[in-house]
Amino acid sequence: MADNKAKSTKPVNKTPPKSPSDPAKDRAAKRLSYDLNSSHEGAMAGEISALEEAFRKFAIHGDTRATGKEMHGKNWSKLCKDCHVIDGKNVTITDVDIVFSKIKGKSSRTITFEQFKEALQELSKKRFKDKSDEEAVQEIYKLIEGKAPIISGVT
């Protein structure tokens, strides 16, 4: 009888232990390096603007299946917060959400890089009221270029 009880227990988990590095970070790095080395419309392979690089970093943040070509509203809001596009007076989180809803397609949940630039143009008019449209767009690009998602509260 003791033999029957031993056999009826759950099978032993034979998966190897996880490596010390975070597999999600490894996948994200591979995706980014693949995307950066692949050809893109309007740019030569390996040639990517700092703005587009920031877009891709925020687009894949928190989503292991994301390719970096489209951005969800959650990541759009995070980009605006982390890059200080939201100043609390001229641009608020509500403004950011409204612009996202206006720019994306009706049946879509994401925006592309081109739509992202349109959204930034909309916000730049509110954020930098005292500057011309072109100067305002350049200022908002400077806020975002070269930035990556800030990870806080992770232990």
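Since we're looking at a predicted model, the values are computed, not measured. In what follows, residues are counted from 1 in the order of the sequence shown.
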[X] to [Y] - nearest heavy-atom pair and separation:
X      : Y      : value
Val91  : Asp87  : N-OD1, 2.8 Å
Gly68  : Ala59  : CA-CB, 3.9 Å
Ala54  : Gly146 : CB-N, 4.3 Å
Gly105 : Gln115 : N-NE2, 4.2 Å
Ile103 : Ile111 : CG2-CG2, 4.3 Å

Quick one: do Asp95 and Lys126 satisfy salt bridge (Lys or Arg N to Asp or Glu O under 4.0 Å)? Show the steps, please.
CA-CA 9 Å; Asp95 295 325; Lys126 292 190 105 177; 3.1 Å; yes
Roughly how far, to the nearest 0.5 Å, is the [atom2] atom of [Y] from the [atom1] atom of [X]?
X      : Y      : atom1 : atom2 : answer
Lys74  : Phe58  : NZ    : CZ    : 11.5 Å
Glu135 : Gln138 : CD    : CD    : 9.5 Å
Lys117 : Glu122 : NZ    : CD    : 15.0 Å
Cys83  : Ile150 : SG    : CD1   : 7.5 Å
Arg127 : Leu143 : CZ    : CG    : 5.5 Å
Asn90  : Lys129 : CG    : NZ    : 4.5 Å

One pair to check against side-chain contact (heavy atoms from CB on, under 4.5 Å): Lys104 and Arg109. What are the steps and the verdict?
CA-CA 7 Å; Lys104 73 173 181 60; Arg109 292 182 174 197; 5.7 Å; no
Check whether any side-chain heavy atom of [X] sits under 4.5 Å from a side-chain heavy atom of [Y], and report yes or no.
X      : Y      : result
Val85  : Ile140 : yes
Met71  : Phe55  : yes
Val99  : Leu120 : no
Lys131 : Glu139 : yes

Are Arg56 and Glu53 within salt-bridge range, i.e. N to O under 4.0 Å?
no
Is it true that Asp82 and Lys147 have a side-chain N and a carboxylate O under 4.0 angstrom from each other?
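Salt bridge between Asp82 and Lys147, a charged N being under 4.0 Å from a carboxylate O: no.
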For the residue pair Phe116 and Trp76, does the interplanar ring angle fall in the parallel (under 30°), tilted (30 to 60°) or perpendicular (over 60°) class?
perpendicular
Are Leu123 and Ile98 connected into the same hydrophobic cluster when the rule is that any two of I, L, V, M, F, W, Y join if their side-chain heavy atoms are below 4.5 Å apart?
no
Distance-only side-chain donor-acceptor flag, Asp97 / Ser77, under 3.5 Å
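Looking only at side-chain atoms, Ser77 and Asp97 do form a donor-acceptor pair, the distance falling under 3.5 Å.
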Asp133 side chain to Lys125 main-chain N or O, any donor-acceptor pair under 3.5 Å?
no
